[in-house]
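Have a look at the structure below before the remarks.
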Amino acid sequence: MTTPEVPARTASLQRATAETSISITVNLDGQGHYDVDTGNGFLDHMVSQIARHGLFDIEVNAQGDTHVGWHHLVEDTAIMLGRAFAQALGEPRGIRRMGHAIVPLDETLVMVAVDWSGRPYASVDTTLDDTMVETLSGDLVAHFLESFAIEARINLHARVLAGVSPHHKAEALCKALARALRDAVEPDPRAVGQVPSTKGTLDG
């Protein structure tokens, strides 16, 4: 008896606006490979952490009107990354749906929980407001997470529980998001083909 072929959970998206031009490829069942070039070293670092620790293969090439600041590029990269994750997952059948992670990084400890519910929501407390994180303002770290969650259509809760270094806080948040997402999209061998909801749908 042959085993049914499992569809590849991949997506490739492109979008060009008057503010940014972005191309993204995502493989949810990858090996953690990444090729990220946004022009902002710390944004590249954040996306690379999501790839490596979620074992997602992610390619990103992004340019934008950075002469006015990093807001447009960060926001649009998060939007496109969230859309790519949603498209790669497709109809959320046979997955665990929920995931969470508590991740330490030296003096820092963060918690991230996600629910691939089809109902976008984000509650994010990075403690990074009014703080520079290398080349990004701290508010853009939170905005990146929020924009990703809305476009991926997930429920996201993210909290920094302890920490001093802004770099460690932002990096640990991305590592925890990666591990939580990995758990959420993992195929559940006890629920093959099933929609993980008593409603019978995760479409909102």
Side-chain angles (χ1 to χ4, degrees), residues 24 26 28 40 42-43 45-54 56 58 69-89 92 95-134 136-186 195-199 201-204:
I24 287 185
V26 167
L28 298 184
N40 184 289
F42 196 75
L43 179 57
H45 186 55
M46 289 171 59
V47 177
S48 299
Q49 296 300 321
I50 295 171
R52 168 51 75 190
H53 294 280
F56 309 121
I58 299 177
W70 290 106
H71 184 99
H72 295 156
L73 191 70
V74 171
E75 179 179 68
D76 286 4
T77 298
I79 287 172
M80 294 300 290
L81 187 63
R83 290 179 183 176
F85 266 74
Q87 183 172 310
L89 182 62
I95 62 169
R96 299 187 186 278
R97 174 179 161 175
M98 301 170 200
H100 66 274
I102 297 177
V103 170
L105 178 55
D106 295 345
E107 86 295 345
T108 296
L109 185 68
V110 308
M111 179 278 295
V112 170
V114 302
D115 177 11
W116 218 295
S117 61
R119 297 186 303 277
Y121 184 82
S123 176
V124 177
D125 183 8
T126 66
T127 72
L128 292 171
D129 290 348
D130 303 318
T131 302
M132 286 299 296
V133 186
E134 307 302 352
L136 287 181
S137 61
D139 65 294
L140 286 180
V141 174
H143 190 52
F144 177 90
L145 297 172
E146 292 162 355
S147 298
F148 172 83
I150 298 305
E151 296 298 327
R153 301 188 63 78
I154 64 173
N155 182 319
L156 168 67
H157 287 259
R159 295 282 183 278
V160 172
L161 305 178
V164 176
S165 164
H167 186 126
H168 288 171
K169 291 177 183 180
E171 182 175 328
L173 282 164
C174 291
K175 288 178 176 177
L177 174 62
R179 294 305 297 247
L181 288 171
R182 178 180 169 186
D183 286 351
V185 303
E186 191 79 12
V195 175
S197 171
T198 55
K199 291 192 300 184
T201 180
L202 289 176
D203 186 20

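Values below: every heavy atom of this structure, side chains too, minus hydrogens, waters and symmetry copies.
Closest heavy-atom contact between A84 and V26: CB-CG2, 3.7 Å. Heavy-atom minimum distance, G99 versus A184: N-CB, 4.0 Å. Across V112 and A158, no two heavy atoms sit closer than the pair CG2-CB, 3.9 Å. Scanning all heavy atoms of the two residues, the minimum distance from V164 to E107 falls at N-OE2, 3.1 Å. Closest non-hydrogen pair, A149 versus A122, comes out as CB-CB, 4.1 Å. Summarising the geometry of V185 relative to F56, their closest heavy-atom pair is CG2-CE2, 4.0 Å, with the distance given to 0.1 Å.
Residues that satisfy the ring-ring contact (aromatic ring centres under 6.0 Å, His included) test with H168, not counting sequence neighbours, are absent from this structure. The side chain to side chain contact (heavy atoms under 4.5 Å, CB included) search around D139 returns D129, S137, not counting sequence neighbours.
Remark: the backbone N or O of C174 is not paired with any side-chain donor or acceptor of Q49 at under 3.5 angstrom. Panel note: side chain R159, backbone S123; a donor-acceptor pair is recorded below 3.5 Å.
Proximity of W116 to R96: side-chain heavy atoms (C-beta onward) are nowhere separated by under 4.5 Å. Side-chain contact between E134 and P166 is absent, with no heavy atoms from C-beta onward closer than 4.5 Å.
Annotation: the span from I50 atom CD1 to F144 atom CZ amounts to 4.5 Å, rounded to 0.5 Å. Atom CG in L181 sits 5.5 Å away from atom CZ in F85 (nearest 0.5 Å). Rounded to the nearest 0.5 angstrom, E146 CD and Y121 OH are separated by 10.0 Å. Between the CD1 atom of I154 and the CG atom of L177 there is a distance of 6.5 Å, given to the nearest 0.5 Å. Rounding to the nearest 0.5 angstrom, the gap separating the CG atom in L43 from the CG atom in L136 is 6.0 Å. Atom CG of residue L140 and atom CG of residue L145 lie 11.0 Å apart, to the nearest 0.5 angstrom.
A ring-centre distance under 6.0 Å is found for H71 and H143.
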Only pairs under 3.5 Å count here: list side-chain donor-acceptor contacts from residues 76-83, not counting sequence neighbours, and write none if there are none.
from: D76; atom 1: OD1; to: R15; atom 2: NH2; distance (Å): 3.3
from: D76; atom 1: OD2; to: R15; atom 2: NH2; distance (Å): 3.3
from: D76; atom 1: OD2; to: T20; atom 2: OG1; distance (Å): 2.5
from: T77; atom 1: OG1; to: L73; atom 2: O; distance (Å): 2.7
from: R83; atom 1: NE; to: E151; atom 2: OE1; distance (Å): 2.9

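Under the side chain to side chain donor-acceptor pair (under 3.5 Å) test applied with K169, the options T126, T108, T127 reduce to a single match, T127.
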- Please assess I58 against V47 for the test side chain to side chain contact (heavy atoms under 4.5 Å, CB included), listing each intermediate value before the final yes or no. CA-CA 8 Å; I58 299 177; V47 177; 3.9 Å; yes
- Steps toward side chain to side chain contact (heavy atoms under 4.5 Å, CB included) verdict (R97, D115): CA-CA 6 Å; R97 174 179 161 175; D115 177 11; 2.6 Å; yes
